[in-house]
Amino acid sequence: CICVKSYEAVRASKAELAAAGLSAGLPNSQEDIIIATIIIVTNQSGIARHYYNQKQFMHFSKWIENQFSSIGIRIAHTFHCPHHPKISGPCTCRKPKPGMVIKAARHFRVRLSDSIMVGDSWSDIECAQKVKIGKAVLFKDPQHTTGHAKPYQPDLHLERSGRYFKARSLSSISRLL
C-alpha cells in the first residue's frame, strides 16, 4: 500500500499569500489555504521478495505523484524501504524503525513535532511515536476493511489512549492541519 505518510503544514490566509505574490489561481474561498510539504515514506518489501524491481517501483511512484499532481497536490518526494527482514536482513529504514522518516525530515528540513504522519498500519503509528511526530493518524478505509462490523465511529477521532487519531476518510484528516 502506498499512501501519504507525513507532511508539515503551515496555515496562510489568502491575504498573506496575495501579499507574497502567491495568490494566482487560488479559489475564491475565504478559508485559510493550507500549504503543505507532502512526503511519502513507504515500506516496499515486494522489491526484496522480487514481486517487482526498483525501476518498476520508481515508475509506479512517479505515476502516483502525477495522479496527485493532476488534482493540484504536489508530492515532494517518495522515500521507500526495499528491504524485508527475513530476506535482506535487518535495516534502519523499514518502519517502525525511524531511519527513513529521519532522512526525509533532514532532507526537507521538516520539524517532525509540527508534522502529521498518516499510515495504514500499526508500524506507521509506532514510527511516528518513536520520532515524536506531532500527530499520528491510523487510516482504515471502511470499504476495504474485513472482519466484524464495528459500532459507528466518526470519520476522525482521537483514540482512547490519546496517542494517535483514527480516520475513516482521507478528507477528514485535513481537519488536523
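We number each residue from 1, following the sequence as shown. Values reported hereafter were calculated over all heavy atoms of this structure, with side chains retained and with hydrogens, waters and symmetry mates removed.
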Indicate the atoms forming the closest heavy-atom contact of [X] with [Y], along with that distance.
X: Gly119; Y: Asp124; value: CA-OD2, 3.2 Å
X: Ile87; Y: Ala48; value: CG2-O, 3.5 Å
X: Met117; Y: Ile133; value: SD-CD1, 3.5 Å
X: Asn43; Y: Ser123; value: ND2-OG, 4.3 Å

Given side chains that start at C-beta, do those of [X] and [Y] come closer than 4.5 Å, heavy atoms only?
X: Lys130; Y: Val101; value: no
X: Thr78; Y: Ile64; value: no
X: Val110; Y: Ile39; value: yes
X: Pro82; Y: Gln54; value: yes
X: Lys97; Y: Cys91; value: no

Point-to-point distance, once rounded to the nearest 0.5 Å, from [atom1] of [X] to [atom2] of [Y]:
X: Ile75; Y: Gln67; atom1: CD1; atom2: CD; value: 11.5 Å
X: Phe139; Y: Ile125; atom1: CZ; atom2: CD1; value: 12.5 Å
X: Ser113; Y: Lys135; atom1: OG; atom2: NZ; value: 11.5 Å
X: Ser45; Y: Lys86; atom1: OG; atom2: NZ; value: 11.0 Å
X: Tyr51; Y: Gln44; atom1: OH; atom2: CD; value: 12.5 Å
X: Met100; Y: Thr42; atom1: CE; atom2: OG1; value: 6.5 Å

Gln56 (side chain) donor-acceptor with Asn53 (main chain) under 3.5 angstrom: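 Yes; at least one donor-acceptor contact below 3.5 Å.
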Aromatic centroids of His59 and Phe57 separated by under 6.0 Å: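 Between His59 and Phe57, which both carry aromatic rings, the centre distance is not below 6.0 Å.
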Aromatic plane relationship, Phe79 with His107 - under 30° parallel, 30 to 60° tilted, over 60° perpendicular: perpendicular
Side chain to side chain donor-acceptor pair (under 3.5 Å) involving His83 - partner list, sequence neighbours excluded: none
Chi angles and distances behind the side chain to side chain contact (heavy atoms under 4.5 Å, CB included) call for Ile47, Tyr52: CA-CA 5 Å; Ile47 296 170; Tyr52 47 91; 3.4 Å; yes
Asn66 versus Ser69, side-chain donor and acceptor atoms under 3.5 Å: no
Salt bridge (charged side-chain N to carboxylate O under 4.0 Å, His left out) contacts in which one or both residues fall within residues 39-68, not counting sequence neighbours: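 Passing the test, one end in residues 39-68: Lys62-Glu65.
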